[in-house]
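Starting from 1, each residue takes its place in the sequence as its number. These numbers come from the heavy atoms of this one structure, side chains and all, not from hydrogens, waters or symmetry mates.
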Amino acid sequence: MRTRIKICGLTSPEEAALLPPDRVDYAGMVLFCPKSRRNITIEKAREIMKALPPEIKKTAVTVSPTSEQVKLIEEAGFDVLQIHGHLAEDISAEAGIPIIRAVNVKGRVPVMESYPRIFAYLFDAAAPGSGKSFDWSCLAQIPAQGRKFILAGGLHPFNVGEAIRQVHPWMVDVSSGVEYDDKKGKDPVKIQAFIEAVKEADEKSS
């Protein structure tokens, strides 16, 4: 079974054009989060989505969104809503698109809600967007129960293979791990290296 790939934190249509639809499954854009250096406007997100291949699922990445923000995200044409921070039960119930529930792992087995619109759980480091990983072993204690698991936090081309071997996630999520070291933006060489590392790990585990 192929491990899915999500490239997160897109900030321009040029970055969207770097993603091959036969290997990248989801693309994430950060919205309504001014503290993030990858935060973009809804208008910019629309431009990026037009540049993305139709096969790639468009994911809005948010922190504790309001009902109004969720409505704007849905109207913009996103396929999936990824929620960090607080998730209100009424927002989960009202959402018109599936939800990826982001969970920050802080050295112990995290607590997860079981709202009906949640189709996958994304496990991230204590400080999301920091490029730091966490102890993946704690995820082995979580019963699957049909949930889809996404692994994020500090992944890059040189450790994603080991992450897949240890955790066997449904999808891996990368942002800073495929960015340039000396300037803003996604690095096509690192994106390709990440994709190849995932492919190699899948082939070894099959």
Side-chain angles (χ1 to χ4, degrees), residues 1-31 36-40 44-62 73 76-84 97-102 119-125 128-129 131 133 147-165 167-181 183-206:
M1 182 177 176
R2 182 174 73 84
T3 304
R4 273 76 169 177
I5 295 174
K6 177 169 170 279
I7 307 293
C8 203
L10 298 185
T11 58
S12 70
E14 291 75 21
E15 289 180 343
L18 299 174
L19 309 187
D22 59 331
R23 288 301 301 169
V24 175
D25 304 274
Y26 288 72
M29 286 152 266
V30 179
L31 297 165
S36 172
R37 60 188 174 89
R38 303 180 187 92
N39 186 60
I40 60 173
K44 176 62 72 172
R46 289 180 189 272
E47 293 178 22
I48 294 171
M49 285 193 284
K50 287 180 181 178
L52 279 170
E55 298 92 338
I56 297 178
K57 298 285 188 183
K58 289 74 174 173
T59 307
V61 181
T62 64
I73 285 167
F78 280 93
D79 300 301
V80 182
L81 175 61
Q82 180 176 315
I83 298 180
H84 295 251
I97 55 178
I99 293 172
I100 294 174
R101 179 58 168 137
F119 85 100
Y121 293 90
L122 181 146
F123 297 101
D124 203 347
S133 60
R147 301 182 179 107
K148 297 184 185 299
F149 284 3
I150 303 169
L151 184 63
L155 296 179
H156 51 71
F158 302 105
N159 70 356
V160 69
E162 181 60 28
I164 290 171
R165 285 187 285 273
V167 182
H168 307 291
W170 172 69
M171 183 158 67
V172 287
D173 181 305
V174 64
S175 185
S176 60
V178 292
E179 292 178 340
Y180 289 108
D181 295 324
K183 61 181 179 179
K184 182 180 178 182
K186 298 291 188 272
D187 182 341
V189 174
K190 289 184 178 180
I191 289 175
Q192 187 58 38
F194 189 87
I195 290 170
E196 290 301 322
V198 173
K199 181 181 178 181
E200 182 179 349
D202 285 345
E203 289 173 349
K204 287 182 178 179
S205 62
S206 60

Q. Do Asn159 side-chain atoms and Gly154 backbone N/O form a donor-acceptor pair below 3.5 Å?
A. yes
Q | pair Leu122-Phe149: side-chain heavy atoms closer than 4.5 Å | A | no
Q) Yes or no on side-chain contact (heavy atoms from CB on, under 4.5 Å) for Tyr26 and Ile7, after CA distance, side-chain angles and deciding distance? A) CA-CA 6 Å; Tyr26 288 72; Ile7 307 293; over 6 Å; no
**Q.** Worked verdict on Ile150 versus Ile100 for side-chain contact (heavy atoms from CB on, under 4.5 Å)
**A.** CA-CA 9 Å; Ile150 303 169; Ile100 294 174; 3.8 Å; yes
Q) Should Glu47 and Lys50 count as an ion pair when the cut-off is N to O under 4.0 Å? A) no
Q) What pair of heavy atoms forms the shortest contact from Leu52 to Ala27, and how long is it? A) CD1-CB, 3.8 Å
Q) Taking the side chain from Thr59 and the backbone from Val80, do they hold a donor-acceptor pair closer than 3.5 Å? A) no
(Q) I need the minimum non-hydrogen distance between Thr3 and Met171, along with the two atoms involved. (A) CG2-CA, 4.2 Å
Q) Can you check whether Val178's main-chain N or O pairs, donor with acceptor, with Asp187's side chain at less than 3.5 Å? A) no
Q.
Quick check: closest heavy atoms across Leu19 and Pro53, and the distance to 0.1 Å?
A. O-CG, 3.8 Å
Q: Give a yes or no on whether the backbone of Thr11 and the side-chain of Glu15 come within a donor-acceptor separation of less than 3.5 Å.
A: yes
(Q) Could you tell me if the side chain of Leu81 sits less than 4.5 Å from the side chain of Pro98, heavy atoms only? (A) no
Q) Is any side-chain heavy atom of Lys57 closer than 4.5 Å to a side-chain heavy atom of Phe78? A) no
Q: Check the pair Ile195, Val24 against side-chain contact (heavy atoms from CB on, under 4.5 Å), reporting the backbone distance first and the verdict last.
A: CA-CA 8 Å; Ile195 290 170; Val24 175; 4.0 Å; yes
Q: Please report the closest heavy-atom contact between Pro21 and Glu55, naming both atoms and the distance.
A: CB-OE1, 3.6 Å
Q: Find the distance between OG (Ser205) and CD1 (Ile164) and round it off to the nearest 0.5 Å.
A: 7.5 Å
Q: Determine, stepwise, if the pair Arg165 / Asp202 fulfils salt bridge (charged side-chain N to carboxylate O under 4.0 Å, His left out).
A: CA-CA 8 Å; Arg165 285 187 285 273; Asp202 285 345; over 6 Å; no
Q.
Surrounding CZ of Phe158 (heavy atoms of other residues, nucleotides or ligands, distance under 6.0 Å), is the total greater than 12?
A. no
Q: Considering non-hydrogen atoms only, spot the tightest contact between Lys186 and Ile191 and give its length.
A: CB-CD1, 4.0 Å
(Q) Quick check for you: to the nearest 0.5 Å, what is the distance between Lys199 atom NZ and Gln192 atom CD? (A) 9.0 Å
Q: Please work out which of the three classes, parallel, tilted or perpendicular, describes the rings of Trp170 and Phe119, given edges at 30° and 60°.
A: perpendicular
Q: State the CD1-CZ distance between Ile83 and Arg101, to the nearest 0.5 angstrom.
A: 7.0 Å
(Q) Let me confirm one number: the CG-SG distance from Leu155 to Cys8, rounded to the nearest 0.5 Å. (A) 12.0 Å
Q) When rounded to the nearest 0.5 angstrom, what distance separates CD in Glu203 from CD in Glu196? A) 8.5 Å
Q) For Lys58, which of Ile97, Ile48, Asp79 qualifies under side-chain contact (heavy atoms from CB on, under 4.5 Å)? A) Asp79
Q) Minimum heavy-atom separation for Ala197 to Pro157, with atom names? A) CB-O, 3.4 Å
Q.
If we ignore hydrogens and angles and just use 3.5 Å, is the side chain of Asp173 paired with the main-chain N or O of Leu151 as donor and acceptor?
A. no
Q) Would you say Thr62's side chain and Gln82's backbone share a donor-acceptor pair under 3.5 angstrom? A) yes
Q | Short side-chain to backbone donor-acceptor contact, Lys190 and Glu179, under 3.5 Å | A | yes
Q | Side-chain heavy atoms of Val174 within contact of His156, under 4.5 Å | A | no
Q: Check for a donor-acceptor pair, side chain of Lys6 on one end and backbone N or O of Arg4 on the other, with a separation under 3.5 Å.
A: no
Q | Between CE on residue Met29 and CD1 on residue Ile73, distance to nearest 0.5 Å | A | 10.5 Å
